[in-house]
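Heads up: the structure comes next, in structure tokens.
Note that this is a predicted model, so its numbers are computed, not measured.
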Amino acid sequence: MRVKSIFTGTFKIILAFDNGEYRLLDIKQFLQNDNMGKLAEIRDEIDMFRTAFIDENSGTVA
């Protein structure tokens with residue numbers, strides 16, 4: 001199953017998969033616990049979060 005499209009909101013992503021399924025992923029909980037990693041960089045930067053895209057090679061969100 002591969003991600004075919006995404007929609008980003010306020011630290012939420014709606015994932016559309018190639019099998020027709022949709023999933024809502026709320027990553028705010030992960031951002032709150034990451035103080036030094038890459039996720040910490042986007043915790044207070046919604047514009048940076050909204051740059052998420054689908055990696056064409058792996059079919060995942062990057």
Side-chain angles (χ1 to χ4, degrees):
M1 181 167 48
R2 294 172 64 93
V3 178
K4 70 175 190 173
S5 64
I6 63 171
F7 173 78
T8 58
T10 307
F11 298 109
K12 293 181 180 164
I13 299 176
I14 297 173
L15 304 163
F17 293 92
D18 60 0
N19 68 352
E21 289 183 30
Y22 291 87
R23 305 257 173 101
L24 173 64
L25 177 61
D26 184 351
I27 69 158
K28 192 67 170 181
Q29 63 184 342
F30 302 110
L31 296 175
Q32 293 171 351
N33 296 325
D34 191 349
N35 293 323
M36 298 176 60
K38 285 289 185 186
L39 294 179
E41 294 177 12
I42 65 171
R43 181 177 35 245
D44 299 318
E45 283 292 329
I46 190 67
D47 291 332
M48 183 180 222
F49 175 77
R50 288 185 174 150
T51 64
F53 63 95
I54 299 171
D55 181 288
E56 294 295 326
N57 293 323
S58 65
T60 61
V61 178

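Each of L15, I13, D18 was scored for a side chain to side chain contact (heavy atoms under 4.5 Å, CB included) with V3, with one residue passing: L15.
Between T8 and A52 the shortest heavy-atom distance is CG2-CB, 4.1 Å. Minimum interatomic distance between M1 and F17 (heavy atoms only, all atoms of both residues): CG-CD2, 3.5 Å. When all heavy atoms of D55 and S58 are compared, the pair lying nearest together is OD1-N, 2.9 Å.
Here the CZ atom belonging to R2 is positioned 8.0 Å from the OG1 atom belonging to T60, to the nearest 0.5 angstrom. Taking OG of S5 as the start and CZ of F53 as the end, the distance is 15.0 Å to the nearest 0.5 Å. Separating the CG atom in L25 from the NZ atom in K12 is a distance of 10.5 Å, to the nearest 0.5 Å.
Partners of N19 by side-chain hydrogen bond (donor to acceptor under 3.5 Å, both in side chains), not counting sequence neighbours, listed by chain and number: E21. When the side-chain hydrogen bond (donor to acceptor under 3.5 Å, both in side chains) test is applied to N57, no partner is found at least two apart in sequence or on another chain.
The hydrophobic cluster containing F7, built from Ile/Leu/Val/Met/Phe/Trp/Tyr side-chain heavy atoms closer than 4.5 Å, also comprises I14, Y22, L24.
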